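Notes follow the structure.
In this text the structure is predicted, and so the values were computed from the model without any measurement.
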Amino acid sequence: MLGKLLKYDLRSMLKQFAFIWPAALVMAVVNRFTIGLLDSGDTFPELVSGMSMLIYVFILMALYVVSLLFIIQRFYKGLLGDEGYLMFTLPVKSWQLVLSKFLCALITTIISVLVAALSICILAPLNFSDIGAFFRVLASFDGQIAVLFLEVLILSLAALSYMYLEFYLSMAIGHLFNKHRVLISVVAFLAIGVVMNIITTLVGVTAIEVGTEFLMDLVMGAGEWAAWHTAVWSLIAYTVIPAAVFFFITNYILKHRLNLE
C-alpha cells in the first residue's frame with residue numbers, strides 16, 4: 001500500500017514540476033548559444049543574452065522555492081487539509097502516510113538538484129579531461145576519498161530529512177489547535193529549533209571534550225582516514241536520531257490526536 005501512496009504523491013509531483021524542470025533545461029540550452037553575445041559589442045544581442053541569462057537564474061531560484069513549497073503543501077493539504085478526510089479513511093497506517101510524503105519530498109529534492117546540475121553542465125559543459133580528473137581524485141588514496149564523498153552525500157540526505165521532518169512535526173503540532181494553526185506551526189518550528197540548538201550546545205561541549213581525545217587516539221591507531229569517517233558518521237547519527245524522533249512524534253499526533261476540524 002505504501003507503493004500506491006507514493007505513486008499518488010509522485011503523480012502530484014510530476015504535475016507540479018512538469019513545466020519548471022524542462023524550462024530549466026531549455027533555458028540552459030538557449031543560454032549555451034546566446035552567452036557569447038555578451039561580448040558582441042552590439043546593444044541588442046547583449047540585451048537578448050542578458051535577459052536570457054536572467055530568466056535562467058530566475059527559473060533556478062523558482063525551482064528551489066517551488067520545491068520547498070510543494071514539500072510543505074503536500075503534507076499540509078494531503079494529511080491536514082481537505083485531502084486528509086479521504087487519506088485517513090484508507091486502510092493504511094498513519095506512518096505509511098507520513099513516510100510516503102517524506103519519500104516524495106526527498107525524491108523531489110534529488111530530481112530538482114539533478115536538473116539544476118544538468119542545466120549548469122549544459123550551460124558550461126565539462127570536457128572529458130575534467131571528468132577523468134574528477135574520477136582520478138575519487139580513486140586516489142585507495143578509494144578513501146570516494147568513500148568520504150559518498151558519506152557526505154548520505155549526510156546531506158540526513159540533513160534534508162531532518163529539515164523536512166521538522167516541518168512535518170511543526171505542522172502536526174499546529175493542528176492540535178482549532179485556531180491560528182499556521183501561526184502556531186511557525187511558532188512550533190521556531191521552538192523546536194531553539195530546543196535543538198540548546199541540545200546541540202550541550203552535546204557539542206561534551207563531544208569536544210570526549211570526541212577530540214577519541215579522534216586523536218583513532219588517528220594514532222587506525223589512521224587519519226578512519227578519524228574522518230568516524231567524524232562524518234557521528235554527524236550522520238546526530239542528524240538522523242532527532243529526525244527519527246520527529247517522525248515518530250508526528251506519527252503519534254496523526255494517529256492519536258488528529259484534528260481536522
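- Closest approach of Ala172 and Thr250 over heavy atoms only: CB-CG2, 4.1 Å.
- Between Tyr76 and His175, the ring-plane angle classifies as perpendicular under the 30° and 60° cut-offs.
- Between the side chain of Asn31 and the backbone N or O of Ser52, at least one donor-acceptor pair lies under 3.5 Å.
- A distance of 11.0 Å separates SG in Cys104 from CG in Leu5, rounded to the nearest 0.5 Å.
- Across all their heavy atoms, Lys255 and Ser94 have their closest contact at CB-OG, 3.5 Å.
- In this structure, Phe247 has its ring center at least 6.0 angstrom away from the ring center of Phe102.
- Neither side chain, Thr108 nor Ser67, offers a donor N or O lying under 3.5 Å from an acceptor on the other.
- The shortest heavy-atom contact between Val115 and Ala24 is CG1-CB, 4.1 Å.
- A heavy-atom distance below 4.5 Å is not found between the side chains of Met13 and Gln16.
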Worksheet entry | Residues Ser119, Leu60; criterion side-chain contact (heavy atoms from CB on, under 4.5 Å); working and verdict | CA-CA 9 Å; Ser119 71; Leu60 289 186; 3.9 Å; yes
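- In terms of modelled atom types and a separation under 3.5 Å, the side chain of Tyr168 and the main chain of Lys101 share a donor-acceptor contact.
- Using a 30° and 60° split on the angle between ring planes, Phe189 and Phe167 fall in the parallel class, below 30°.
- Phe75 and Val182 fall within the same hydrophobic cluster, defined by Ile, Leu, Val, Met, Phe, Trp and Tyr side-chain heavy atoms under 4.5 Å apart, directly or through other members.
- Annotation: the span from Ile122 atom CD1 to Arg32 atom CZ amounts to 10.0 Å, rounded to 0.5 Å.
- Between Lys179 and Ile184, the closest heavy-atom pair is O-CD1, 3.5 Å.
- With sequence neighbours excluded, no residue forms a ring-ring contact (aromatic ring centres under 6.0 Å, His included) with Tyr164.
- Between Phe70 and Asp9 the shortest heavy-atom distance is CZ-O, 4.3 Å.
- Residues Ile173 and Ala188 share a closest heavy-atom pair of CG2-CB, 4.0 Å.
- Neither Val187 nor Phe177 shares a network with the other; the hydrophobic side chains, linked directly or stepwise wherever heavy atoms of I, L, V, M, F, W or Y lie under 4.5 Å apart, form separate groups for each.
- A 6.0 Å sphere centred on CE of Met51 holds no more than 12 heavy atoms belonging to other residues, nucleotides or ligands.
- The shortest side-chain heavy-atom distance between Tyr64 and Ser112 does not fall under the 4.5 Å cut-off.
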Worksheet item: Given Asn251 and Leu97, is the side-chain contact (heavy atoms from CB on, under 4.5 Å) satisfied, shown in steps?
Response: CA-CA 9 Å; Asn251 176 62; Leu97 295 172; over 6 Å; no
Would you list the atom pairs, donor with acceptor, under 3.5 Å between side chains in residues 149-158 and any protein atom, with sequence neighbours excluded?
| residue | atom | partner | partner atom | Å |
| --- | --- | --- | --- | --- |
| Glu151 | OE1 | His229 | ND1 | 2.8 |
| Glu151 | OE2 | His229 | ND1 | 3.3 |
| Glu151 | OE2 | Trp233 | NE1 | 2.9 |
| Ser156 | OG | Val152 | O | 3.0 |

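- The structure places CG of Leu160 at 5.5 Å from OG1 of Thr109, a figure rounded to the nearest 0.5 Å.
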Worksheet item: Between Ile192 and Ser170, is a side-chain contact (heavy atoms from CB on, under 4.5 Å) present by the stated rule, with each step listed?
Response: CA-CA 8 Å; Ile192 293 171; Ser170 301; 3.7 Å; yes
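- One hydrophobic cluster, built from ILVMFWY side chains closer than 4.5 Å, cannot hold both Leu10 and Val113; they sit in different ones.
- Both Met196 and Leu165 are assigned to one and the same hydrophobic cluster, defined by single-linkage of ILVMFWY side chains at heavy-atom distances under 4.5 Å.
- At a cut-off of 3.5 Å, with distance as the only test, no side-chain donor of Ser100 or Tyr8 sits close to an acceptor on the other residue.
- When side chains are defined from C-beta on, Ser161 does not count as touching Val240, because their heavy atoms never get closer than 4.5 Å.
- Put simply, Val65 and Leu68 are part of the same group of oily side chains (I, L, V, M, F, W, Y) that touch within less than 4.5 Å, one to the next.
- Aromatic ring pairs are classed by plane angle as parallel below 30°, tilted from 30° to 60° and perpendicular above 60°; the pair Phe17 and Trp21 is parallel.
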Item to complete: Check the pair Ile72, Met171 against side-chain contact (heavy atoms from CB on, under 4.5 Å), reporting the backbone distance first and the verdict last.
Response: CA-CA 9 Å; Ile72 295 174; Met171 287 184 281; 3.8 Å; yes
